[in-house]
Amino acid sequence: MASALPLNINIKEPRWDQGTFMGRAMHFFMVTDPRNVLLSSEALEDARRTVENYRLGIVKPGLTEDELWRAKYVYDSAFHPDTGEKMILIGRMAAQVPMNMTITGCMLTFYRTTPAVVFWQWINQSFNAVVNYTNRSGDAPITVNQLGAAYISATTGAVITALGLKSLTKHLPPIIGRFVPFAAVAAANCINIPFMRQRELKLGIPVMDEEGRRLGESTTAARQAIAQVVVSRIGMAVPAMAIPPVIMNALEKRAFMKRFPVLNAPVQVGLVGLCLVFATPLCCALFPQKSSMKVTSLEPELQAQIRESSPHTQKVYFNKGL
């Protein structure tokens, strides 16, 4: 039976125009939707089959265009764009809001003692290590030694930054101390992401032409991709770690918070979650996930290789990761 759904819908690309910030924001609101982490393995597998079958020209009876796009975004939220493998649950972008709201909320609540600072920075960097590995660009494996070095470097950097800043703020107003976790997280992102993706910096990431044909691997593209991800990740942390401290500083002076101090952590976690619901997709949208670069900006040997194999190509494309 012929399907009414046309076979020329381009589901290789997002539904919205990725050349505009609003188009990218709409795309990432779908990809980072926290409800996607609640989907069963059966639902994910059904979405995968729907997407892969459609690409082969097979459409199940009654499938509508909206259902196809829903399957596409469920698929994108759980399967790596380069390897096609199912991603670790807590490493998926859909898990960013529930995981980060809990960890960040606790970091902002329990920042007064050294053991608490060390513990929550360790938890945060452990989570970041999983996220950075899960959302890396390219399809090349990372060795256990590389993972271990990246994890230890990022965790150590975050803890040292947090403890150093904490000691400097002892004689400053309490509100200043509340921003120590943000500074530590920003510093750790600058360490964690490049270390977790160091293989890309050494060997490059795949670059393609407009039709998706692989042209080679570029370290220049890797540097651009990683720099963009660092900026996006720090941007995600700004509202979640800057706005709640100001609000909590005012709330803690109120009688009801003094009477029920047990509310401090859940209120802070809730405020962080509210910020992250918007900050996560909007900061992911700062740069296109399918990033691009002029061939003339690539390393000379790759330029020569592309001129020989694809002389008309002026621009290359690559997945920058998230």
Side-chain angles (χ1 to χ4, degrees), residues 3-20 22-100 130-141 205-206 208 210-214 225 229 232 276-277 280-285 287-292 317-322:
S3 171
L5 189 66
L7 293 173
N8 60 351
I9 300 171
N10 184 14
I11 60 171
K12 290 182 179 179
E13 301 294 335
R15 189 173 192 176
W16 295 276
D17 179 10
Q18 297 300 283
T20 68
M22 284 306 298
R24 295 194 296 272
M26 292 293 290
H27 168 69
F28 282 111
F29 267 109
M30 295 291 289
V31 171
T32 64
D33 186 341
R35 293 173 296 180
N36 287 337
V37 300
L38 302 176
L39 295 173
S40 66
S41 297
E42 290 76 16
L44 296 178
E45 186 61 25
D46 182 64
R48 185 188 65 79
R49 280 197 304 270
T50 298
V51 169
E52 292 182 352
N53 284 343
Y54 184 83
R55 288 171 178 169
L56 295 172
I58 303 169
V59 182
K60 65 180 179 183
L63 184 70
T64 66
E65 184 172 352
D66 285 340
E67 289 171 344
L68 175 64
W69 281 112
R70 171 59 184 160
K72 152 78 172 168
Y73 277 102
V74 168
Y75 176 84
D76 284 350
S77 75
F79 295 88
H80 193 277
D82 291 328
T83 66
E85 295 175 355
K86 186 184 291 187
M87 295 184 285
I88 303 166
L89 179 63
I90 64 170
R92 300 173 194 169
M93 292 308 293
Q96 284 286 290
V97 172
M99 292 297 296
N100 267 327
V130 174
V131 173
N132 294 334
Y133 172 75
T134 304
N135 294 282
R136 68 197 183 282
S137 175
D139 50 14
I205 59 176
M208 277 79 65
E210 197 167 6
E211 282 72 43
R213 289 188 295 267
R214 190 163 176 162
V229 171
S232 295
L276 286 172
V277 164
T280 300
L282 292 177
C283 288
C284 282
F287 307 100
Q289 184 170 357
K290 184 180 178 181
S291 196
S292 63
Y317 300 86
F318 51 92
N319 169 31
K320 73 174 178 63
L322 292 172

With the side chain counted from C-beta on, respond yes when Met208 and Asn319 share a heavy-atom pair under 4.5 Å apart, and no when they do not.
no
Just wondering, do Pro14 and Met30 contact through their side chains at under 4.5 Å, heavy atoms?
no
For [X] and [Y], work out which heavy atoms get closest and say how close.
X      : Y      : value
Ala95  : Leu89  : CB-O, 3.5 Å
Val31  : Ser77  : O-CB, 3.8 Å
Phe318 : Ile205 : CD1-CD1, 3.6 Å
Lys320 : Ser291 : CB-CB, 4.2 Å
Ala78  : Leu44  : CB-CD2, 3.8 Å
Ala71  : Ala47  : O-CB, 3.6 Å

Tell me, yes or no, whether the heavy-atom count around Glu210 atom CD, taken from other residues, nucleotides or ligands under 6.0 Å, exceeds 12.
no
Main chain of [Y], side chain of [X]: is a donor-acceptor contact present, judged purely on distance under 3.5 Å?
X      : Y      : result
Arg92  : Met87  : yes
Ser232 : Cys283 : yes
Gln18  : Gly23  : yes

ring-ring contact (aromatic ring centres under 6.0 Å, His included) pairs, two or more places apart, involving residues 25-47
His27-Tyr73
Rounded distance (nearest 0.5 Å) linking atom [atom1] of [X] with atom [atom2] of [Y]:
X     : Y     : atom1 : atom2 : answer
Arg70 : Leu63 : CZ    : CG    : 13.5 Å
Asn10 : Arg55 : CG    : CZ    : 9.5 Å
Glu45 : Leu39 : CD    : CG    : 13.0 Å
Thr20 : Met26 : OG1   : CE    : 10.0 Å
Leu68 : Ile9  : CG    : CD1   : 5.5 Å
Tyr75 : Arg48 : OH    : CZ    : 7.5 Å

Go through the steps for Thr32 and Gln96 under the test side chain to side chain contact (heavy atoms under 4.5 Å, CB included), then give the verdict.
CA-CA 7 Å; Thr32 64; Gln96 284 286 290; 5.9 Å; no
Listed by chain and number, what are the side-chain contact (heavy atoms from CB on, under 4.5 Å) partners of Asp46, not counting sequence neighbours?
Arg49, Thr50, Lys60
Residue from Arg24, Lys290, Lys72 passing salt bridge (charged side-chain N to carboxylate O under 4.0 Å, His left out) with Glu13:
Lys290
